[in-house]
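Everything below concerns the one structure shown next.
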Amino acid sequence: MSKLSNLAESLVGSEIVKLGNEINNRIRNGERIYNYTIGDFNPAIFPIPEALQAQIIKAYHEGYTNYPPADGVLPLREAVGRFVQKYEGVSYANDEIQISSGGRPLIYSLFKTLVNPGDKVIYAVPSWNNNHYTTLNGGIACEIQTTAENNFMPTVEEIKPHLQDAVLLCLCTPQNPTGTTLSKETLEQICDLVLEENKRRGEGRKLYVLFDQMYFTLTYGNTKHFHPVALRPEMKEYTVSVDGISKSFAATGVRVGWGFGPAKVIAKMKALMSHMGAWAPMAEQIATAAFLDDETAVAEYLTDLKGKLEQRLWRIYDGIEALRAKGYAVEAIAPQAAIYLTLKFDLKGKSFQGQLLENQADVTQFLLGNVGLALVPFNCFGADAQSPWYRISVGTCKLEDLDIIFNNLGQALAQLQ
């Protein structure tokens with residue numbers, strides 16, 4: 001068989017998709033599996049806002065089925081500007097906002113805009129897809145291995161030694177996969193590092209920040225989200241943010257995302273996406289513009305969605321901590337944000353019904369086969385293959401299933417030797 005491009009030959013597919021395919025095969029074969037691997041929502045549990053749905057239907061009835069502008073319809077860019085001003089206190093003009101079909105085209109086009117082959121890209125591990133986007137663009141990965149002690153978020157001390165010669169620093173808060181956040185103090189200090197580094201470079205190429213905040217509205221308790229530009233206005237020149245309705249409004253399949261940043265960078269991203277055809281559908285753009293301006297509908301939906309998500313996250317956290325109190329080698333990080341919880345199953349080296357759990361892959365299969373619990377191990381997000389940490393996603397979680405799961409889990413853990 002003839003060789004394909006170097007990129008195609010070296011490309012690694014999504015580890016989460018691979019795991020999902022295995023789970024779906026097992027479900028088709030009759031196994032009862034609670035699949036909490038995908039960062040998505042079950043519309044029967046978490047439907048999109050009724051007001052948004054009504055606006056989408058209205059837009060189609062009114063004939064909005066043609067191509068949208070390459071940067072997105074003006075009413076949506078204006079509505080996004082008002083939305084981020086209200087919720088984050090940052091101000092962006094229409095030419096500093098780019099609409100796309102979710103967040104991925106924005107991230108891809110930003111990498112293409114900033115990263116040459118051989119350029120250094122800094123990101124934390126575990127994190128979602130930064131390794132793949134770096135590979136797609138021929139970048140040199142500079143991975144910061146984070147720890148549970150810091151809630152798997154990068155620290156200023158860990159970032160600082162790597163800034164020289166880097167072109168892109170990827171930050172995600174709230175973080176996928178961990179559901180944890182950067183504190184105000186840490187983000188302020190990271191911003192100061194970036195500003196200092198760019199001042200040092202003078203007229204040379206600058207260091208930019210990819211600020212992935214797709215989950216920023218979903219914070220719980222005393223956790224607060226902060227934006228770099230709100231903390232340090234000078235960061236506006238070097239920050240490109242990625243956001244959208246996918247997670248904030250449980251609208252993953254509606255495919256409306258937006259980015260905002262320096263006009264010169266946004267213009268190049270727009271040009272790239274015009275070749276990719278990665279714009280959101282016209283009707284959905286018109287509908288989202290109308291919905292974002294309905295402040296009452298937005299506020300009511302966010303209150304309801306956050307309440308339901310937080311209820312599930314705390315139920316899981318409390319269940320894991322109860323098992324931990326019994327002496328089992330399990331652990332969880334308290335809920336902070338997003339739709340994820342970080343869990344630890346440190347079971348390697350134990351045996352179940354005479355079968356040794358030799359490695360973390362065996363632990364994953366133990367949870368899948370004997371508990372019916374499907375989670376994503378952190379190695380799918382770039383962590384070490386033997387990391388005992390996992391992501392659980394609650395967007396498809398029925399509350400009544402959790403009692404069954406924890407009963408199964410307790411019984412299975414009790415049989416470990």
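Every value quoted in this text rests on a predicted model; they were computed, and no experiment measured them.
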Next on the checklist: Please check: side-chain N/O of Thr178 versus main-chain N/O of Thr180, any donor-acceptor pairing under 3.5 Å?
Outcome noted: yes

Checklist entry - Any luck finding a side-chain donor-acceptor pair between Lys247 and Tyr215 under 3.5 Å? => result yes

Checklist entry - Is it true that Glu96 and Lys236 have a side-chain N and a carboxylate O under 4.0 angstrom from each other? => result yes

Checklist entry - Does a side-chain N-to-carboxylate-O contact under 4.0 Å join Arg315 and Asp403? => result yes

Item to check | Tyr133 and Tyr123: side chain donor to acceptor below 3.5 Å | outcome: no

Item to check | Residue pair His227 / Ser241, side-chain donor-acceptor N/O under 3.5 Å | outcome: yes

Item to check | Reported CG-to-CG distance for the pair Leu19 and Asn35, which is rounded to 0.5 angstrom | outcome: 7.5 Å

Checklist entry - Hey, mind stepping through Gln415 and Gln353 against side-chain hydrogen bond (donor to acceptor under 3.5 Å, both in side chains) and telling me if it holds? => result CA-CA 7 Å; Gln415 296 181 62; Gln353 297 180 350; 3.2 Å; yes

Next on the checklist: Less than 3.5 Å apart, any donor N or O on the side chain of Gln213 or Glu88 sitting next to an acceptor on the other?
Outcome noted: yes

Next on the checklist: Can you see whether Glu158 engages Thr155 through a side-chain donor-acceptor pair at a distance of less than 3.5 angstrom?
Outcome noted: yes

Item to check | Carboxylate-amine/guanidinium contact Arg26 Glu22, below 4.0 Å | outcome: yes

Checklist entry - When you measure from the side chain of Asp401 to the backbone N and O of Cys397, does any donor-acceptor pair fall under 3.5 Å? => result no

Checklist entry - Should Lys348 and Asp362 count as an ion pair when the cut-off is N to O under 4.0 Å? => result no

Checklist entry - Got a second to check how far Glu149's CD is from Thr147's OG1, nearest 0.5 Å? => result 4.5 Å

Next on the checklist: Is the terminal nitrogen or CZ of Arg32 (NZ for Lys, CZ for Arg) located under 6.0 angstrom from the six-membered ring centre of Tyr34 and within 45° of that ring's axis?
Outcome noted: yes

Checklist entry - Is it true that a side-chain atom of Ser101 and a backbone atom of Ala278 form a donor plus acceptor pair closer than 3.5 Å? => result yes

Checklist entry - Does the side chain of Cys172 come within less than 4.5 Å of Ser127's, by heavy atoms? => result no

Checklist entry - Under 3.5 Å, is there a donor-acceptor pair between the side chain of Asn129 and the main chain of His132? => result no

Checklist entry - Do the two ring centres, one from Phe366 and one from Phe345, sit under 6.0 Å apart? => result no

Checklist entry - Quick one: does Arg391's side chain have a donor or acceptor within less than 3.5 Å of a partner on Pro377's backbone? => result no

Checklist entry - Is there a donor-acceptor pair under 3.5 Å between the side chain of Thr223 and the backbone N or O of Tyr220? => result yes

Checklist entry - Counting distance only, does the side-chain N/O of Asn151 pair as donor-acceptor with the main-chain N or O of Met153 below 3.5 Å? => result no

Item to check | Thr219 and Lys224, any side-chain heavy atoms less than 4.5 Å apart | outcome: no

Checklist entry - Does the pair Glu196/Lys199 count as a salt bridge with the N-to-O cut at 4.0 Å? => result no

Item to check | Residues Asp165 and Lys120 bridged, charged N to O under 4.0 Å | outcome: no

Item to check | Residue from Ile190, Ile122, Val194, Thr239 passing side chain to side chain contact (heavy atoms under 4.5 Å, CB included) with Leu171 | outcome: Ile190

Item to check | Pair Asp119 + Arg205, salt bridge at N-O below 4.0 Å | outcome: yes

